[in-house]
Amino acid sequence: MRHEPSSFPSFPIPQASRLSLRYNPRMAEPYDPPQFEPRWQEFWVRERFAATDTAAEKGLYMLMMFPYPSGDLHVGHGRNYILGDCLFRMFLMQGRTVLNPMGWDAFGLPAENAAIKRNIHPREWTIANIGRMKDQFRRWGILYDWDKEITSCEPGYYRWNQWLFNRMLEKGLAYRGKSPVNWCPSCRTVLANEQVIAGECERCGTVVEQRDLEQWFLRITAYADRLLDGLDRLPDWPEKVKIMQRNWIGRSEGAQFTMKIQGREDLPGFEVFTTRPDTSFGMTFAVLAPDHPLVDEITTADHRAKVEAFVDHVRHQTEIDRLSTEGPLEKRGVFTGSHAVNPFTGKPVPIFLADYVLMSYGTGAIMAVPGQDQRDWEFAKAYGLPIVRTVKPPDDWEGEAYVDDGPAINSEWLDGLYKADAVAKATEWLEQRGIGKRKVHYRLRDWLISRQRYWGTPIPVVYCERDGIVAVPDDQLPVLLPADVEFSGVEGNPLERSATFVATTCPRCGRAARRETDTMDTFVDSSWYYARFINPHVADAMLDEGRVRRWMPVDLYIGGVEHAILHLMYARFVYKVLSDFGMVPGDEPFPVLFNQGMIVGKSNITGRLEKMSKSKGNVVAPDALIARYGADTERVYTLFMGPPEKEAEWTDEGVLGAHRFLQRVWALQDVVAGATGRDGERGTDERLRVATHRTVKRVHVDLERYHPNTAIAAMMELVNSISEAQEAAGGGALGEAYETLLRLLHPFAPHATEELWHLAGHEGSLLRAGWPTYDAALLARQRVTLAVQVNGKLRATLDVEPGLDADAAASVARQAVAKWLDGKEVVKVVHVADRMVSLVVKG
RNA sequence: GCCGGAGUGGCGAAAUGGCAGACGCACGGGACUUAAAAUCCCGGGUCCGAAAGGGCGUAAGGGUUCGAAUCCCUUCUCCGGCACCA
């Protein structure tokens, strides 16, 4: 996030003499967090520090990705919530209005699986988990505005999924279509393209099968270009996420044209898409996908047996087999017996089928140019097909297909042109003759949202024998999940066996009709929840336009990089749809995104570092940790482990270090209590004040750039400075240092700092005590260390007044390194103010 | 295979063109203690040297610069994403 330093409200640092005498001069109790942490947790809730009135105010909107309520949280889960809470508390101390809500992505398979296993309703299981997780947040000292809580499995939320679906249906953005889809036999449901990782189900790892089914889709491809272009206007997103989304959308520009089939004027031919129309003269064969609709028509009698065997073989391949690039090409294709006409040369080329041509991309058919495509080259070699180069490779070229730029050859009227010009001319030629046109294709496919499971939002349509597909009218929403279902685990969606649910009447004609039993992908729920947080209780609309216009977009969005494509792409898509409906401002929901890294632990099973999970046996539960060391220790260690965007390993020794630091802070109350009210030794007081103000600056800057690890290091240094100064410093400087430390440390260790603040005689909460500012003038007049280099090597460091000009700095530098200059000539002097002097000598 | 990111002490790391290793962990030494734990103090990149001091050092090699962990090129290793995309 970019805040100007001036946007941080200024709070005067209290006069030290006023507070140093208030300490109770007694030996402090030992640091025992369980003694006081629960008390402060109750206090923060009671005082409603996190409550924000979105109707009355406008402020900063920060958001952590809302979790699936799986039950117990481990220390790895704590990372983003603790980081978020740290920033939230700093914002509150700065006096800013902040919306910081939390809710539950509460639909999903685990609840249904638990239902089958334990004979408990998914809702019960989910609600119980939510209770446990809320309790965990409280024990971490994490504050949310619970008045805004959203639970996506409640009808008050999911009815708006249905309402939005109706709007998208009206606009043609939701449609029912038949296509080969990914089917997970273990989850017994279809999956979106995005949920299939290397041919396996993202959730359970089962190999996915292809099935031809009628399903509901959302037309995300209509927004492909806007999703792509929008990325360029998100400077505060991690580059990595933007690249992943760009690759996923996979825009490619080229030309599409028709190939006629030789001797078959009765057929329309087929379309091919190519990014290299400039190489068309080199086409020596064409390839169709095995499931291309024309296959049957063009297969000649003498090739039919082989073609059918091949098509059958491909159909029975799993996704995994198909992805494998292994295996001889000879077995991966077959000749159909027909020829197509290359429109550029007018000559016939044989038509093959090959498993590497996919019906789901482009037109499901390609022109093959072995001279300029390595895969086509290999195919041509395997089948003894001719190879014609149409781009002149460099003279020293020893490779096979040449894919880079060069002058066109063997291409009649394209000869001599380079790629860009040749592509343009070839495309123009196609357009003029009405054979083809410029065309853009995407890798992105429409979002398949049907799921054959119970625990999700019912898709609000009915099937009527007379009227066909009929949307459930808005005034009959929500379509509720029925209660009369059994979770027996037998094949099929439990909704299909619910008598009350399936049988209904057609909203249009009133006759008997059948209700849709598929439910929505849960990513629909999370694609707009961030806007609902602003007005979670509005009952008669999805969004309260006035409030949403004031509070959207989200100013800071924090979550794991595992959502780089799935959630973040869907949410951007839905936000653009809402934007087109005029319901939200702008067209990007999250202008600032921060991805925290995973916390990993050494697995008991593999012995390697892996993401914490029960199956890896490397889970660290927070409860025992909090009971022994306190929540503040876990928070400080989590924030100190390393930069939060990086992966970090959890170690018990590290926890101990964080705990020792807090103990040292705790012990400082004795140091300050023992100080006198008089001024201390002059130099010591000054040094301590400088250390204090430097720390304020460092913590402030480090938090702004999301580096809590170095902010903690700075505070550790301040603690060391206070300890060193304790004998000689006066109460004023010690008090200032100590109380500033408590304020700075509060977002990191809220419980201990609140307790110490009270032990120091203050009332109220540090959350209202103001965020410290520093005395820039004090820091500016401190002496600086000047490094002196001779020919790039460090030869001296000097302690000097700040602000020396180049001549004065050069002069003291020459004296300091006289022995290195002896008998030599200084030919150049480089001066960096208050940092270094570099002397270049010769001779 | 393609696209990205990262390689710094025994370990987590800091420094993003200007004193490499801040801060912490682990380790070694010392104080306190009958003892241990806890706590406190001191020391740790490496080589030469008694020391002063100096050489070398940020995966490897090269380059740009007065000056490079940081910028550029080549290579290696690890991590992540995509993966027959026409």
Side-chain angles (χ1 to χ4, degrees), chain A residues 30 197-199 238-248 250-252 254 256 272-276 286-287 289 322-326 329 332 354-358 360-369 372-376 378-379 441-444 561-562 564-565 597-598 609 636-637 640-643 645-658 660-661 663-664 667 698 702 707 709-720 723-724 785-798 826-841:
Chain A
I197 311 293
E239 208 52 43
K240 175 191 167 108
V241 173
K242 289 191 276 188
I243 288 164
M244 282 165 69
Q245 292 210 355
R246 278 191 197 105
N247 291 342
W248 189 263
R251 182 191 155 99
S252 73
Q256 188 166 318
V272 295
F273 172 67
T274 176
T275 54
R276 294 294 304 272
V287 187
R322 203 160 170 173
L323 285 171
S324 158
T325 45
E326 305 297 313
L329 271 172
R332 303 186 59 200
D355 63 356
Y356 69 78
V357 175
L358 309 173
S360 55
Y361 185 81
T363 60
I366 62 165
M367 68 169 197
V369 186
Q372 271 75 233
D373 182 287
Q374 184 60 28
R375 195 187 43 212
D376 292 346
E378 285 161 19
F379 197 88
H441 275 283
Y442 301 91
R443 214 188 70 99
L444 181 71
V561 73
E562 64 272 21
I565 294 173
M598 283 187 310
L609 289 179
V636 168
Y637 176 54
F640 185 63
M641 292 174 90
E645 69 276 11
K646 274 187 63 177
E647 194 171 272
E649 185 193 354
W650 186 273
T651 64
D652 293 342
E653 293 78 16
V655 173
L656 223 55
R660 267 203 286 264
F661 166 60
Q663 268 178 328
R664 277 161 57 78
R698 283 175 66 185
D702 287 345
H707 281 199
N709 52 325
T710 49
I712 291 170
M715 290 185 282
M716 286 171 166
E717 287 181 59
L718 180 58
V719 169
N720 292 342
S723 299
E724 279 161 29
T785 307
L786 203 62
V788 183
Q789 291 180 5
V790 179
N791 284 351
K793 286 203 185 292
L794 180 74
R795 295 303 182 193
T797 55
L798 308 173
V826 176
V827 295
K828 190 171 178 183
V829 180
V830 180
H831 173 239
V832 180
D834 293 343
R835 300 210 68 153
M836 56 92 60
V837 174
S838 181
L839 303 172
V840 187
V841 301

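Between Tyr356(A) and Phe379(A), the ring planes are perpendicular. Angles over 60° get that label, and only those under 30° would be called parallel.
Per the geometry, CG belonging to Asp355(A) stands 14 Å off C1' belonging to rC85(B), to the nearest Å. Here rC40(B) presents its P atom at 8 Å from CZ of Arg660(A), a figure rounded to the nearest Å. Here the C1' atom of nucleotide rC85(B) and the CZ atom of Arg276(A) are 15 Å apart, to the nearest Å. For Lys240(A) and rC79(B), the NZ to P distance is 13 Å, given to the nearest whole Å. One can place CZ of Arg375(A) at 8 Å from P of rA86(B), the figure rounded to the nearest angstrom. Atoms NZ (Lys793(A)) and P (rC56(B)) sit 4 Å apart, rounded to a whole Å. For Asn791(A) and rG67(B), the CG to C1' distance is 10 Å, given to the nearest whole Å.
In the set rA22(B), rC85(B), rC66(B), the nucleotide with an atom closest to the side chain of Ala713(A) is rA22(B).
Nucleic acid contact class of Asn709(A) (heavy atoms, under 4.0 Å, all strands): sugar-phosphate only. At a threshold of 4.0 angstrom between heavy atoms, the contacts of Thr785(A) include nucleobase atoms, whether or not backbone atoms are also involved. Among the protein residues, Thr797(A) comes within range of the nucleic acid bases, having at least one heavy atom under 4.0 Å from a base atom. Among the protein residues, Arg835(A) comes within range of the sugar-phosphate backbone only, with heavy atoms under 4.0 Å from sugar or phosphate atoms but none that close to a base. Among the heavy atoms of the strands lying under 4.0 Å from Arg795(A) are primed sugar atoms or P, OP1, OP2 only; no base atom is included. Note on Gly657(A): only backbone sugar-phosphate atoms sit closer than 4.0 angstrom, heavy atoms only; bases stay farther off. Heavy atoms of Arg664(A) sit under 4.0 angstrom from primed sugar atoms or phosphate atoms, though from no base atom. Contact annotation for Phe661(A): no contact, since no heavy-atom pair falls under 4.0 Å across all strands.
Because its glycosidic torsion is within 90° of 0, rG44(B) is reported here as syn. Regarding the sugar-base torsion, rG24(B) falls in the anti class, its angle being beyond 90° of 0.
With salt bridges taken as basic N to acidic carboxylate O contacts below 4.0 Å, one links Glu239(A) and Lys242(A).
Here, rG81(B) and rA15(B) have their C1' atoms 30 Å apart, quoted to the whole Å. rG10(B) and rG45(B): their P atoms are spaced 10 Å apart (whole Å). Spacing between rC25(B) and rC76(B) at atom P, rounded to whole Å, works out to 40 Å. Rounded to a whole angstrom, the distance from the P atom of rA36(B) to that of rA31(B) is 11 Å. Of the C1' atoms belonging to rA38(B) and rA52(B), the separation is 40 Å, rounded to the nearest Å. For the C1' atom pair drawn from rA83(B) and rG67(B), the interatomic distance equals 44 Å after rounding to whole Å. Atom name P, nucleotides rG62(B) and rU70(B): the rounded distance is 14 Å, in whole Å. Between the C1' atoms of rA20(B) and rU58(B), the separation comes to 7 Å (whole Å).
The partner of rC25(B) is rG10(B), judged by Watson-Crick or G-U wobble contacts that both fall below 3.5 Å. Base pairing analysis places rG18(B) opposite rC66(B); the two distances defining the Watson-Crick or G-U wobble pair are each below 3.5 Å. Under the Watson-Crick and G-U wobble criteria, each requiring two contacts below 3.5 Å, nucleotide rC32(B) is left unpaired.
Across all non-hydrogen atoms, the minimal contact from Arg443(A) to Asn247(A) is NE-O, 3.5 Å.
If Ala714(A) and Asp376(A) are placed on RNA chain B by their nearest nucleotide, the residue sitting closer to the 5' end is Ala714(A).
Using a 4.5 Å heavy-atom cutoff, the side chains of Arg664(A) and Met716(A) are not in contact.
Not one N or O on the side chain of Tyr637(A) forms a donor-acceptor pair closer than 3.5 Å with the backbone of Trp650(A).
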